[in-house]
Asker: 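Here it is, the structure in full.
Below, all heavy atoms of this structure are taken into account, side chains as well, without hydrogens, waters or symmetry copies. Both counts, for ligands and for their atoms, begin at 1 and track the order of listing. Note that this is a predicted model, so its numbers are computed, not measured.
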Amino acid sequence: MKYKSIHIVPIGTEGIHVINTGDWRIQRPVIDQEKCIKCGICFLHCPVNSIVKTNGKFTIKYDYCKGCGICAHECPKRAINLLAEEEK
Ligand code: SF4
Ligand code: SF4
């Protein structure tokens, strides 16, 4: 099996599994860069470290983003929109 990046999570007695949490996402958070004030609150709250700061700009990496919406809920500028994922 080949993965772009790997989170390894131990589960039960049967061993260690790789879980790509992005696979079960039904909604996708998208940052409106025009509204974003680069406060980093979304970055601090994401439970799976899927928000990164690159060249002074916050962006979302979708491999492990599970679409929980915490980032959108916590954003003080309402700069993160949750869009429905297209059917795969
Ligand atoms: S919480 Fe909102 S305003 Fe702050 S960095 Fe994230 S998207 Fe931008
Ligand atoms: S939706 Fe959840 S997992 Fe995805 S970036 Fe926002 S806080 Fe992180």
Asker: Could you see if Ile60 belongs to whatever hydrophobic cluster contains Val52? Use Ile, Leu, Val, Met, Phe, Trp, Tyr and a side-chain cutoff under 4.5 Å.
Answerer: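 In one cluster with Ile60: Val52, no.
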Asker: Students should be able to answer this: which protein heavy-atom is nearest to atom 5 (S) of ligand 1, and at what distance?
Answerer: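 I find the closest protein heavy atom is Gly40 N, 3.3 Å.
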Asker: Students should be able to answer this: which protein heavy-atom is nearest to atom 8 (Fe) of ligand 1, and at what distance?
Answerer: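 Protein heavy atom with the smallest distance to atom 8 (Fe) of ligand 1: Cys36 SG, 2.4 Å.
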Asker: Test of understanding: clusters of I, L, V, M, F, W, Y form through side-chain heavy atoms closer than 4.5 Å, transitively. Do Tyr62 and Ile80 belong to the same one?
Answerer: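 Tyr62 and Ile80: one cluster.
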Asker: Report yes or no: does Cys39 have an N/O/S atom closer than 2.8 Å to atom 8 (Fe) of ligand 1?
Answerer: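 Within the cut-off used here (under 2.8 Å), Cys39 places no N, O or S atom near atom 8 (Fe) of ligand 1.
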Asker: Let me confirm one number: the OG1-CD distance from Thr59 to Gln33, rounded to the nearest 0.5 Å.
Answerer: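 With rounding to 0.5 Å, OG1 (Thr59) is 7.5 Å from CD (Gln33).
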Asker: Report the nearest protein non-hydrogen atom to atom 2 (Fe) of ligand 1: residue, atom name, distance rounded to 0.1 Å.
Answerer: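 Result for atom 2 (Fe) of ligand 1: Cys75 SG, 2.3 Å.
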Asker: Would you kindly specify which portion of Glu74 sits under 4.0 Å from ligand 1, judged on non-hydrogen atoms: side chain, backbone, both or neither?
Answerer: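 The answer is neither.
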Asker: Which atoms of ligand 2 sit under 4.0 Å from any heavy atom of Ile51?
Answerer: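 Here the atoms of ligand 2 in question are 5 (S).
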Asker: In this structure, would Ile70 and Leu44 fall into the same cluster of hydrophobic residues linked by side-chain contacts under 4.5 Å?
Answerer: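 Unlinked, Ile70 and Leu44 end up in two clusters.
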Asker: Do side-chain atoms of Arg25 reach the backbone of Glu85 as a donor and acceptor pair under 3.5 angstrom?
Answerer: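 Not confirmed, Arg25 side chain does not pair with Glu85 backbone.
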Asker: For the side chain of His73 and the backbone of Gly69, is there at least one donor-acceptor N/O pair under 3.5 Å apart?
Answerer: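 Looks like no, no N/O pair under 3.5 Å.
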Asker: What's the spacing between Cys39 SG and Glu74 CD if we round to 0.5 Å?
Answerer: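 With rounding to 0.5 Å, SG (Cys39) is 10.5 Å from CD (Glu74).
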Asker: Should the heavy atoms of other residues, nucleotides or ligands under 6.0 Å from CD1 of Ile26 be counted, would the total exceed 12?
Answerer: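 It does not: Ile26 CD1 has 12 such atoms or fewer within range.
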Asker: Under 4.5 Å between any side-chain heavy atoms of Phe43 and Cys71, yes or no?
Answerer: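 With C-beta onward as the side chain, the pair stays apart.
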Asker: Quick check on Lys57: does its NZ atom have over 12 non-hydrogen neighbours (other residues, nucleotides or ligands) under 6.0 Å away?
Answerer: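 Not buried by this count: 12 neighbours or fewer within 6.0 Å.
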Asker: Suppose I only count heavy atoms of Ile37 and a 4.0 Å limit; which atoms of ligand 1 are within that range?
Answerer: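 In order of numbering, the contacting atoms are 3 (S), 8 (Fe).
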Asker: Tell me, which protein N/O/S atoms are under 2.8 Å away from atom 2 (Fe) of ligand 2?
Answerer: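 Per the 2.8 Å query on atom 2 (Fe) of ligand 2, atoms found are Cys68 SG.
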Asker: So if I count the atoms of ligand 1 from 1 in the order they appear, which ones are less than 4.0 Å from some heavy atom of Cys42?
Answerer: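 Once the distances to Cys42 are compared, the set is 1 (S), 5 (S), 6 (Fe), 7 (S).
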Asker: Under 4.0 Å from any heavy atom of Pro76, which atoms of ligand 1 are there?
Answerer: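 Heavy-atom distances to Pro76 below 4.0 Å select 1 (S).
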Asker: Below 4.0 angstrom from a heavy atom of Ile80, which ligand 1 atoms are there? Numbered from 1 as shown, please.
Answerer: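 Checking each atom against Ile80, I get 7 (S).
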Asker: Is there a chain of hydrophobic side chains (I, L, V, M, F, W, Y, each step under 4.5 Å between heavy atoms) that links Ile37 to Ile31?
Answerer: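 No; tracing contacts between hydrophobic side chains, which count when under 4.5 Å, never links both residues.
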